[in-house]
Amino acid sequence: MKSAYDIIIRPIITEQSMEDLDIKKYVFEVAKDANKIEIKKAIEEIFGVTVIKVTTINVQGKEKRTGAYPKGRTASWKKAVVKLSQESKNIEIFEGMA
């Protein structure tokens, strides 16, 4: 059994994710094998909020050059967009960013 901290890896802080804070949408990098139910329970356990919707996206790694010949790829990862209920409190990690 994975803990909530094994499922939620880190918050994603970009311009696009910061624009959605006013409608209570938060973006996280999550474990690749985590499903929506596990992500919902982990967010509710860690932050003490009420989640109403979880959307997940598998992000493919980008191809990168490391010199003339060898090509490599950055790691693929999974992103989760979490929508909180209107009655729920905000997540404090994102407070000073916007």
Indicate yes or no: at least one non-hydrogen side-chain atom of [X] is less than 4.5 angstrom from one of [Y].
X: Lys53; Y: Val81; value: no
X: Glu45; Y: Ser3; value: no
X: Ile43; Y: Phe28; value: yes

Please enumerate all residues that pass salt bridge (Lys or Arg N to Asp or Glu O under 4.0 Å) together with [X], with sequence neighbours excluded.
X: Glu19; value: none
X: Lys62; value: none
X: Lys2; value: Asp33

Quick one: pull up [atom1] in [X] and [atom2] in [Y] and give me the separation to the nearest 0.5 Å.
X: Glu87; Y: Ile52; atom1: CD; atom2: CD1; result: 8.5 Å
X: Trp77; Y: Gln60; atom1: CH2; atom2: CD; result: 11.5 Å
X: Ile46; Y: Lys41; atom1: CD1; atom2: NZ; result: 14.0 Å
X: Glu29; Y: Ile7; atom1: CD; atom2: CD1; result: 14.0 Å
X: Lys83; Y: Thr55; atom1: NZ; atom2: OG1; result: 10.5 Å
X: Lys78; Y: Lys32; atom1: NZ; atom2: NZ; result: 9.5 Å

Test of understanding: clusters of I, L, V, M, F, W, Y form through side-chain heavy atoms closer than 4.5 Å, transitively. Do [X] and [Y] belong to the same one?
X: Val54; Y: Ile8; result: yes
X: Val49; Y: Leu21; result: yes
X: Val59; Y: Tyr26; result: no
X: Ile57; Y: Ile12; result: yes

(Q) Is a donor from one side chain sitting under 3.5 angstrom from an acceptor on the other, for Ser85 and Ser88? (A) no
Q. Looking only at heavy atoms, which two atoms of Asn35 and Glu38 are closest? And how far apart?
A. OD1-N, 2.9 Å
**Q.** Shortest non-hydrogen contact from Pro11 toward Ile93
**A.** CG-CG2, 3.9 Å
**Q.** Sidechain-backbone polar pair: Thr74 side chain, Gly61 backbone, donor-acceptor under 3.5 Å
**A.** no
Q: Look only at the side chain of Glu44 and the backbone of Val51, and say whether a donor-acceptor pair between them is shorter than 3.5 Å.
A: yes
Q: For atom NZ of Lys25, decide whether the heavy atoms of other residues, nucleotides or ligands shown that lie under 6.0 angstrom number more than 12.
A: no
Q) Counting only heavy atoms not in Ile37, do more than 12 sit closer than 6.0 Å to its CD1 atom? A) no
**Q.** Derivation and outcome, side-chain contact (heavy atoms from CB on, under 4.5 Å), residues Val82 and Phe47
**A.** CA-CA 12 Å; Val82 178; Phe47 300 108; over 6 Å; no
Q) Is there a side-chain contact (heavy atoms from CB on, under 4.5 Å) between Thr56 and Lys36 once you walk through the steps? A) CA-CA 7 Å; Thr56 58; Lys36 292 181 181 184; 3.8 Å; yes
